[in-house]
2 protein chains.
Amino acid sequence: MKDVHSQCPCMERCPLNRAMELIGGKWKIQIICSLNSNGKTRYNAIKGNLDGVSNNILAKALKELERDGFVTRTEYMEVPIRVEYDLTIKSKRLMPILEALSDWGEENI
Amino acid sequence: MKDVHSQCPCMERCPLNRAMELIGGKWKIQIICSLNSNGKTRYNAIKGNLDGVSNNILAKALKELERDGFVTRTEYMEVPIRVEYDLTIKSKRLMPILEALSDWGEENI
DNA sequence: CGGCATCCTGATGGATACTG
DNA sequence: CAGTATCCATCAGGATGCCG
């Protein structure tokens, strides 16, 4: 029997669209890639790795990524305060897919 | 030798970010999924499959997808005119990755 | 039928300054 | 150090109507 989709399977809240929304922000992929390359990283270090991002935007993106379960935020009660971000398992499971997408991009763009 | 990326590998024009830009538009994934499910499809049929899209936006998205090599546009000189869109090989090679991302989304969102 | 022209609006992104 | 607060710019996305 043939595919019965006359409607796009991506209507409603399909997981693909949802995923795209979650990682689709301007800096989110960069943040995830940076954490993946460098491991646990402090706020200002992330900022240094992302050329041109402002505090406003970076903080907002990190907060969303944390809310959506992509990164963890750990606060160390030192003076001055130290905050480190890291990828969650969930993000790590995403990496091979992002790498596949990257490879696709290299060959097709 | 360990990874030397202190800078995020996604700076500059990395293929991953570029890919995300190309397929990141609000309707583009839906369009691609629809064409993948249904094959060669007419303009108005695509519009019917995408709930709530306006002509303006759909035409713009299709034009961009065509420009970026994701879809082909074939005009049949009939009256009234018939136009059909279809996926390119490039898009078809993208599908397994999108499906992987979709699977990831299903398990992780 | 398959669009394009026009105008509009909200969300996203950003610069700058300031604070616990 | 790691953010907020504020204000501003841009633009993707959308409603509507018209055209070849």
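Source: prediction; values computed, not measured. Below, each value reflects all heavy atoms present in this structure, side chains not excepted, and no hydrogens, waters or symmetry copies.
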**Request:** Report the nucleotide, chosen from C:dG2, D:dA2, C:dC4, that has the shortest atom-to-atom distance to any side-chain atom of B:Y43.
**Result:**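 Minimum distance to the B:Y43 side chain belongs to C:dG2.
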**Prompt:** Counting side-chain heavy atoms from C-beta on, which of D:dG3, D:dC1, C:dG2 comes nearest to A:R42?
**Reply:**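 When the side chain of A:R42 is considered, D:dC1 is the closest of D:dG3, D:dC1, C:dG2.
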**Prompt:** Reckon B:K28 touches a base, only the sugar-phosphate, or nothing at all at heavy-atom distances under 4.0 Å?
**Reply:**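 Counting heavy atoms under 4.0 Å across all strands, no contact is made by B:K28.
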**Request:** With heavy atoms under 4.0 Å as the rule, sort B:Y76 into base, sugar-phosphate or nothing.
**Result:**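 It contacts nothing in the nucleic acid.
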With the criterion being N/O to N/O and under 3.5 Å, what pairs connect the protein with nucleotides 7-13 of chain D, and how long is each?
unit_1, atom_1, unit_2, atom_2, d
D:dG13, OP1, B:K26, N, 2.7

How close or far is atom [atom2] of [N] from atom [atom1] of [X], stated in whole angstroms?
X	N	atom1	atom2	result
B:L65	C:dG3	CG	C1'	16 Å
B:E66	C:dG2	CD	C1'	13 Å
A:E78	D:dG3	CD	P	14 Å
B:E84	C:dG3	CD	P	12 Å
A:L58	D:dA5	CG	P	16 Å
B:N55	C:dC4	CG	P	10 Å
A:I81	D:dC1	CD1	P	12 Å

**Request:** With side chain to side chain contact (heavy atoms under 4.5 Å, CB included) as the test, would you mind laying out the steps for B:L101 and A:L94 before giving the verdict?
**Result:** CA-CA 8 Å; B:L101 188 53; A:L94 182 60; 3.6 Å; yes
Can you see which heavy atom on [X] is nearest to which on [Y], and at what distance?
X	Y	value
B:L22	A:I109	CD1-CD1, 3.9 Å
A:L87	A:I32	CD1-O, 3.9 Å
A:D86	A:L35	C-CD1, 4.2 Å

**Item:** Short N-O contact, B:E66 and B:K63, less than 4.0 angstrom
**Value:**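 No.
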**Prompt:** Does any pair with a residue in residues 94-109 of chain B pass side-chain hydrogen bond (donor to acceptor under 3.5 Å, both in side chains), and if so which ones, sequence neighbours excluded?
**Reply:**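 Found A:R93-B:N108.
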